[in-house]
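Input: a single structure, listed below in structure tokens.
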Protein chains: 2
Amino acid sequence: MRSHPASHREEAKERFQSYLRQQGLRQTPERFQVLDALYAMDGHTDADALYDRLQQQERTISRATVYNTLNLLLACDLVVRHQFGEHGAKYEPSLRYRQHDHLICLDCQEVLEFCDPRIQRIQDLVAEVYHFEITRAALNLYGHCRRDRCTRRPLASPAPGSPA
Amino acid sequence: MRSHPASHREEAKERFQSYLRQQGLRQTPERFQVLDALYAMDGHTDADALYDRLQQQERTISRATVYNTLNLLLACDLVVRHQFGEHGAKYEPSLRYRQHDHLICLDCQEVLEFCDPRIQRIQDLVAEVYHFEITRAALNLYGHCRRDRCTRRPLASPAPGSPA
DNA sequence: TTACTTGCAAATTATTTGCAATAAT
DNA sequence: ATTATTGCAAATAATTTGCAAGTAA
């Protein structure tokens, strides 16, 4: 159980409120419900999982509003969007964000996080050599985890990417 | 002009032929047209650009066939698929493939390549620590290039990710 | 009261798929 | 002659958008 500490949720709410105020946007209950649901999730989620979770509440919310609110949260840096596979984006609350990267199991879709200081140094070097202003770095490692719970296709796996 | 040397194109064609033979698949002109178009492209392309290029030939090809053939080429490792942004995949001929990563300009979409041996070491370490079998690593650096040709939004840029 | 938001449904984008006609073997 | 392949159009999946009705300020 590694959901977010209450302090993160509160800080997120405050940041969202002041962002909305500054931008002259409205503080609707829907927006805070989405923020809460996001920060209540462990690890990474997608828009659909958030939508499902929000459907279980009394006051239901439309997909359009979920996406709309996620875009607001992206704009004020309360969430980070990742594109791990080809299907759909993953969202991660950013308050607990330390520089970290991701290890993705191609079988069970599990996403693990790791840190390595060398990535920052690579980023700095590349920025200098290529004369680039780098705003974001993402090292994604794809492979197969060895957990028992992993839904790995044992042997008779239909070679990934085989013809239609 | 850094398109692929003829040797690469020939080698690719031979590999594709033997792959098709081994799999009992047919050697259609469309398939080789797609392979040729791909290897004639500089750097990274997407399915749509390939389709456009193929439309300019006498014998035209459908999008369905472009995608279908790309999947065959993926299956026999003649192309690598990348997912840089949220929109669509990029395809890169793999014969000239050395371990390399990508630097993506968020303004003009230009993709540069770089190599850094530390990435391999990070990969090995993470594999060991997390008990993972890693099959692919992708370090993507996103930012802003400083080229004059870059279509960067100068000052009055509508902050990326601003509300609808 | 004003005009931003919501929710629905329709639009969009990237890619896949069903199926009849075509062509490789 | 067989049966995989093509091309079209329709199907999907993820996300955005138009617009009328609702609601925060």
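Side-chain atoms are counted along with the backbone in the values below, which use heavy atoms only and exclude waters and symmetry mates. Everything quoted here is computed from the prediction, not taken from an experiment. Every chain is numbered from 1, with letters handed out A, B, ... down the list of sequences.
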Between [N] ([atom2]) and [X] ([atom1]): distance, integer Å:
| X | N | atom1 | atom2 | value |
| --- | --- | --- | --- | --- |
| B:Leu50 | C:dA14 | CG | P | 14 Å |
| B:Leu70 | C:dT16 | CG | P | 9 Å |
| B:Ile61 | C:dT22 | CD1 | P | 18 Å |
| A:Glu30 | D:dT23 | CD | C1' | 9 Å |
| B:Tyr51 | C:dT13 | OH | P | 16 Å |
| A:Arg31 | C:dG7 | CZ | P | 11 Å |
| A:Gln23 | C:dA3 | CD | C1' | 17 Å |
| A:Gln55 | C:dT6 | CD | C1' | 13 Å |

OP1 or OP2 of [N] under 4.0 Å from side-chain N/O of [X]:
| X | N | value |
| --- | --- | --- |
| A:Thr65 | C:dG7 | yes |
| B:Thr28 | C:dA23 | no |
| B:Asn71 | C:dT16 | yes |
| A:Asn68 | C:dT6 | yes |

Sugar-phosphate, base or nothing in reach of A:Thr60, heavy atoms under 4.0 Å: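 Sugar-phosphate contact only.
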B:Gln109 and B:His44: CA distance, side-chain angles, deciding distance, side chain to side chain contact (heavy atoms under 4.5 Å, CB included) verdict: CA-CA 11 Å; B:Gln109 314 301 322; B:His44 308 78; over 6 Å; no
Axial cation check for A:Tyr39 ring with A:Arg9, 6.0 Å and 45° limits: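 The answer is no, since A:Arg9 fails at least one limit relative to A:Tyr39.
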Distance under 6.0 Å and angle within 45° of ring axis: A:Arg136 vs B:Tyr142: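 Judged by the rule, A:Arg136 and B:Tyr142 form a cation-pi pair.
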Of B:Tyr67 and B:Arg59, the one whose closest DNA chain C nucleotide lies more 5':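 Going by which nucleotide is closer to the 5' end, it is B:Tyr67.
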Distance, nearest 0.5 Å, that separates NE2 of A:His100 from CD1 of A:Ile119: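 If we round to the nearest 0.5 Å, A:His100:NE2 and A:Ile119:CD1 are 10.5 Å apart.
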Given [options], identify the nucleotide with an atom nearest to the side chain of [X].
| X | options | value |
| --- | --- | --- |
| A:Arg26 | D:dT15, C:dT5, C:dA14 | C:dT5 |
| B:Arg63 | C:dT15, D:dT6, C:dC8 | C:dT15 |
| A:Leu25 | C:dT5, C:dT15, D:dT5 | C:dT5 |

Which residue lies more 5' along DNA chain D, comparing A:Ala89 with B:Gln27 via nearest heavy atoms: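 Result: B:Gln27.
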Closest non-hydrogen atom pair, A:Met41 against A:Ala49: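 That closest heavy-atom pairing would be CE-O, 3.7 Å.
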